[in-house]
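Structure record follows, encoded as structure tokens.
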Amino acid sequence: MTDSEAPNFWLMKTEPAVYSMDDLERDGRTPWEGVRNYQARNFMRDKMQPGDRVLIYHSNAAPPGVAGLARVCSAPYPDAFAWDPDSAYFDARSTPDKPLWFLVDICFEEKFSRLIALSEMRADPALDGMALLKKGQRLSILPALPAHFARVVMLKETA
DNA sequence: GCCAACGTTGGC
DNA sequence: GCCAACGTTGGC
């Protein structure tokens with residue numbers, strides 16, 4: 001199976017105090033800049049493609065949880081924030097000739113009417129094995145199984 | 001290449 | 001604010 005077939009499924013973390021689901025709804029589309037972890041970068045640079053589906057997760061929040069849905073809506077491209085000395089995401093090792101960090105654009109799809117809390121996901125046997133729920137998981141971008149993605153979407157319909 | 005020290009993430 | 005878990009850095 002080639003990369004151009006079925007969409008992939010992801011979970012992307014954001015701190016709502018920095019950038020929330022409401023911000024994404026307002027913006028409609030945003031470059032997912034500032035990822036400075038190689039594994040997370042590799043997911044964006046090597047695996048993501050337009051149309052991929054994304055659970056937007058609020059980390060460092062009270063409570064933490066999935067706030068809504070988005071889609072990957074660009075091909076991967078270099079993160080220009082790494083070239084800006086005034087940016088918090090500046091990294092002198094990255095240059096326009098040899099970019100080190102990459103990103104994709106993320107487009108708003110749906111804000112859930114209620115947050116699917118981390119505690120609720122932990123308690124759901126249908127989500128056993130979900131990467132997000134593994135101990136010590138700190139990656140800001142995680143692949144999700146289609147079944148887990150669908151289960152989270154189903155949970156939003158329940159009270 | 002090892003590994004201790006350090007910094008960051010992120011739940012609680 | 002605490003701290004466990006993990007990634008990165010840098011001395012050797």
Side-chain angles (χ1 to χ4, degrees), chain A residues 8-27 30-48 52-72 76-106 108-145 147-149 151-156 158-159:
Chain A
N8 300 308
F9 297 85
W10 307 95
L11 180 144
M12 298 174 82
K13 298 180 186 176
T14 181
E15 299 192 28
V18 177
Y19 195 85
S20 71
M21 195 71 215
D22 286 337
D23 294 323
L24 182 58
E25 180 168 29
R26 179 201 61 216
D27 294 344
T30 194
W32 207 257
E33 79 272 5
V35 171
R36 294 294 180 267
N37 170 282
Y38 288 105
Q39 269 184 275
R41 177 205 66 181
N42 292 348
F43 285 140
M44 288 199 289
R45 186 190 62 183
D46 304 334
K47 302 292 185 191
M48 283 190 180
D52 280 5
R53 309 199 64 195
V54 182
L55 298 168
I56 298 294
Y57 177 84
H58 282 175
S59 64
N60 256 322
V66 174
L69 301 177
R71 282 188 189 269
V72 175
Y77 61 100
D79 183 345
F81 286 78
W83 309 328
D84 175 4
D86 295 327
S87 169
Y89 303 127
F90 176 69
D91 184 340
R93 298 172 299 169
S94 184
T95 66
D97 280 350
K98 281 196 149 192
L100 181 60
W101 303 112
F102 290 77
L103 50 68
V104 294
D105 287 353
I106 294 299
F108 175 82
E109 186 167 317
E110 175 188 346
K111 181 189 174 184
F112 289 170
S113 53
R114 71 183 189 90
L115 186 90
I116 311 302
L118 177 61
S119 57
E120 180 177 354
M121 290 190 282
R122 282 200 193 287
D124 186 345
L127 294 178
D128 275 358
M130 191 178 183
L132 173 74
L133 307 180
K134 290 188 178 149
K135 186 179 174 189
Q137 184 50 259
R138 299 188 313 169
L139 264 189
S140 64
I141 298 176
L142 297 165
L145 294 177
H148 289 157
F149 186 98
R151 177 64 180 174
V152 173
V153 172
M154 182 185 304
L155 285 176
K156 84 183 166 71
T158 66

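Letters go in sequence order (proteins before strands), and every chain restarts at 1.
- No side-chain donor-acceptor contact under 3.5 Å links A/K156 to the backbone of A/I116.
- For the salt bridge (charged side-chain N to carboxylate O under 4.0 Å, His left out) condition, the pairs that include at least one residue of residues 121-133 of chain A, sequence neighbours left out, are A/D124-A/R151.
- Listed nucleotides C/dG7, B/dC12, C/dT9 differ in distance to A/R93; the shortest reach to its side chain belongs to C/dT9.
- Among the atoms of the strands shown, none is found under 4.0 Å from any heavy atom of A/E15.
- Using a 3.5 Å distance cut-off with no hydrogens or angles, the side chains of A/W83 and A/T95 do not pair a donor with an acceptor.
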Using atom names, set out every protein N or O paired with an N or O of nucleotides 1-3 of chain C below 3.5 Å, distance rounded to 0.1 Å.
none

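- Rounded to whole Å, the distance from CG on A/L11 to C1' on B/dG10 is 14 Å.
- Here the C1' atom of nucleotide C/dG7 and the CZ atom of A/R41 are 14 Å apart, to the nearest Å.
- Put simply, A/K13 has no side-chain N or O that comes within less than 4.0 Å of OP1 or OP2 on B/dT9.
- Put simply, the residue from A/Y77, A/F90, A/Y38 that forms a ring pair (Phe, Tyr, Trp, His ring centres under 6.0 Å) with A/W101 is A/Y38.
- A side chain to side chain contact (heavy atoms under 4.5 Å, CB included) with A/I56 is found for exactly one of A/L11, A/L69, A/V66, A/T14, namely A/T14.
- Within the structure, every side-chain polar atom (N or O) of A/Y38 is placed at least 4.0 Å from both OP1 and OP2 of C/dC6.
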**Item:** Step-by-step side chain to side chain contact (heavy atoms under 4.5 Å, CB included) determination, A/D105 to A/T30
**Value:** CA-CA 5 Å; A/D105 287 353; A/T30 194; over 6 Å; no
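- Computed from coordinates, the A/L115 CG to B/dG11 C1' distance equals 14 Å when rounded to whole Å.
- Here A/R36 pairs with A/D79 in a salt bridge; the nearest charged N to carboxylate O distance falls below 4.0 Å.
- Rounded to whole Å, atom P of C/dT9 lies 11 Å from atom CG of A/N37.
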**Message:** With side chain to side chain contact (heavy atoms under 4.5 Å, CB included) as the criterion, how do A/F108 and A/D27 come out once you've worked through the C-alpha distance, each side chain's angles and the decisive distance to 0.1 Å?
**Reply:** CA-CA 8 Å; A/F108 175 82; A/D27 294 344; over 6 Å; no
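- None of A/W32, A/Y57, A/F43 except one satisfies the ring pair (Phe, Tyr, Trp, His ring centres under 6.0 Å) rule with A/W10; the exception is A/F43.
- Distance A/L139 CG to B/dG10 P: 9 Å, rounded to the nearest Å.
- Scanning residues 121-138 of chain A for heavy-atom distances under 4.0 Å to DNA chain C yields A/K135, A/G136, A/R138.
- Atoms CH2 (A/W101) and P (C/dG7) sit 13 Å apart, rounded to a whole Å.
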